[in-house]
Every structure is written in structure tokens, then in C-alpha cells.
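In what follows, every heavy atom counts, from backbone to side chain, and hydrogens, waters and symmetry copies are set aside.
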Amino acid sequence: MTPLHLRRAAVAVSAALLPLALAACSSDSEDSSSGSAASAARTSPSAAASGSMNMNEPFGTACSSVPKNGAGSFAGMAKDPVATAASHNLALSTLVTAVKKAGLVDTLNNAQNITVFAPTDDAFAKIPQADLDKLLADKEQLTKVLTYHVVGQKLAPQQLDKGSFVTLAKSELTTSGSDMAYTVNDTSKVVCGNVPTANATVYIVDTVLMPPQ
């Protein structure tokens, strides 16, 4: 075979191999892209899980009973000062009655940037009826008990992990817990927390807090 024929054969072989080389490169690129997509897919659930733990929103098992719309909804309560907002929540009717008997409606509604630990009706029901009637009839003691549920600053959930706070009753209460599961004074559990009102953050609790004697 002449040199000219050899050069022509080499060119022909190169032309035949070029598509195969290009296909291999394309396959490597696709594999790399696929790997990146798979890696992103593996990290997405973690990011989603992280996003689902939104500590800026109300949390807790009892939050599911809050109406979706109206004055008693989270959006509705956020528009009203705390005593008024509580009056729209059917689970807080005993607390609202107690606040009225103590003459604290204006005090709570006019305060700024406070935190209220609000006992449910079931929490008040744990108190023997005779003792509860006596408490409701004693304005001085009732005021002391109710103001013990109020801290003069807004508390974020993270501050409850291991907290100690002076209340408006001038007595201290403590909080503990994590991951949106919190307890006050080691006895009262937060059942719906981080509820916004116009002037306060509310943590609804399942046991009435009694100030130290």
C-alpha cells in the first residue's frame, strides 16, 4: 500500500472513532449531572425537615383545636391585645373570667411585649371546686396567682429550653425542655405555644401555676 493510501486509511479510522469518543464524553457528562441531581435529591429531605421545624409559628398538640378562621384563630388573635384575644378562645374561658374578677383586663391589654402562660379550662378543673371558688372570690390572691403567669418580656421558644424569669407577681418561674416540648415549674406542660397577640406571646399550659408562698 502506498503512503497516500495509508494516510487515507488513517483518516477513515479516525473519522469512524470520533463519534464513539464523543458519545463516551457525553455519557460521562450525563453521569456527572445525574450524580449531582442525586446528591441534591439526597440533601433536599434534610432541608425540608429543617424547614418544617419553624419556631416562629404556634406549636403543640392543643393548637389543632384552634379555629382556622375568625377572631379565635391565630390570625384573629394576633390582631387583638392579649386579654381580648383570650376571650375568643373557648378553651380559656375560666382564665378570662378570673382576669375580669381580678380587674386585670386593662392591665394586660395595655402592657407591651409580655409573655402570658395561659392555663386552659382543664387546668383550672384540676383545682378542687371549693378551692377554686375561694380563689375567685379573693381578689388579692387571685391577682397574685394571675400575675404569676405573666413575664414582662416576650419569650421565644428557644428561651424556654432552660429558663428562669421574674413574673409580674415579683416571683420567679422556671422553664425547661427542647424541640417544642416545654414544661413550666416542672409541672405545667405547654400544650400550644408561641401564640401571637397584638401585645404578647402566649403559651397555653395544662396546669395552673401557683406562686411560692
Side-chain angles (χ1 to χ4, degrees), residues 43-96 98-99 108-109 111-127 145-169 172-211:
T43 59
S44 293
S46 175
S50 175
S52 67
M53 302 273 293
N54 191 342
M55 298 296 276
N56 293 322
E57 297 179 355
F59 62 86
T61 55
C63 290
S64 60
S65 64
V66 175
K68 301 298 182 185
N69 302 293
S73 65
F74 291 130
M77 292 176 70
K79 298 177 182 178
D80 292 320
V82 64
T84 302
S87 70
H88 298 310
N89 189 315
L90 297 178
L92 301 177
S93 60
T94 305
L95 174 63
V96 171
V99 168
L108 293 177
N109 277 349
Q112 295 299 315
N113 299 320
I114 59 175
T115 295
V116 177
F117 294 93
T120 62
D121 289 352
D122 289 341
F124 279 101
K126 293 179 181 180
I127 302 174
V145 170
L146 292 177
T147 53
Y148 184 62
H149 289 74
V150 184
V151 174
Q153 60 177 304
K154 280 193 175 182
L155 300 177
Q158 296 89 336
Q159 293 175 269
L160 305 185
D161 288 1
K162 188 177 181 181
S164 178
F165 309 100
V166 177
T167 68
L168 296 192
E172 186 179 74
L173 62 75
T174 61
T175 59
S176 59
S178 62
D179 296 330
M180 296 186 274
Y182 299 103
T183 303
V184 186
N185 285 357
D186 296 325
T187 58
S188 187
K189 296 186 181 301
V190 174
V191 294
C192 183
N194 206 31
V195 179
T197 72
N199 67 325
T201 298
V202 176
Y203 292 89
I204 300 174
V205 295
D206 69 355
T207 302
V208 177
L209 306 172
M210 292 298 178

How about K126: does its NZ atom have over 12 heavy atoms from other parts shown lying under 6.0 Å from it?
yes

Between D161 and S178, does any side-chain donor sit less than 3.5 Å from a side-chain acceptor?
no

Decide whether Y182 and N194 meet the rule of one side-chain donor and one side-chain acceptor closer than 3.5 Å.
no

Measure the [atom1]-[atom2] distance between [X] and [Y] for me, rounded to the nearest 0.5 Å.
| X | Y | atom1 | atom2 | result |
| --- | --- | --- | --- | --- |
| F117 | I204 | CZ | CD1 | 12.0 Å |
| T84 | L108 | OG1 | CG | 10.0 Å |
| L168 | H149 | CG | NE2 | 12.0 Å |
| S188 | M210 | OG | CE | 11.0 Å |
| D179 | Q158 | CG | CD | 10.5 Å |
| D121 | D206 | CG | CG | 13.0 Å |

Identify the heavy atoms of [X] and [Y] that sit nearest to each other, and give their distance.
| X | Y | answer |
| --- | --- | --- |
| N109 | P81 | OD1-CB, 3.3 Å |
| V82 | A200 | CB-CB, 3.8 Å |
| L95 | A118 | CD2-CB, 3.6 Å |
| S176 | D186 | OG-OD1, 4.0 Å |
| A98 | L146 | O-CD1, 3.5 Å |
| V208 | P119 | CG2-CB, 3.9 Å |

The test is side-chain contact (heavy atoms from CB on, under 4.5 Å); show your working for T175 and K162 and say whether it passes.
CA-CA 6 Å; T175 59; K162 188 177 181 181; over 6 Å; no

Run L173 and L209 through side-chain contact (heavy atoms from CB on, under 4.5 Å) and show every step you take.
CA-CA 9 Å; L173 62 75; L209 306 172; 4.2 Å; yes

Report yes or no: does T174 contribute a side-chain atom to a donor-acceptor pair with the main-chain N or O of G163 at less than 3.5 Å?
no

Main chain of A91, side chain of N89: is a donor-acceptor contact present, judged purely on distance under 3.5 Å?
yes

Hey, are the side chains of [X] and [Y] touching, using non-hydrogen atoms and a 4.5 Å cut-off?
| X | Y | result |
| --- | --- | --- |
| D80 | T197 | no |
| T167 | V150 | no |
| F74 | C63 | yes |
| T183 | V190 | no |
| V184 | T207 | no |
| F59 | V195 | no |
| P58 | P196 | yes |
| S164 | E172 | yes |

In a check of side chain to side chain contact (heavy atoms under 4.5 Å, CB included) between Y203 and each of V116, V151, L160, which one passes?
L160

Might you work through the side-chain contact (heavy atoms from CB on, under 4.5 Å) test for Q159 and Q153, ending with a clear yes or no?
CA-CA 11 Å; Q159 293 175 269; Q153 60 177 304; 4.1 Å; yes

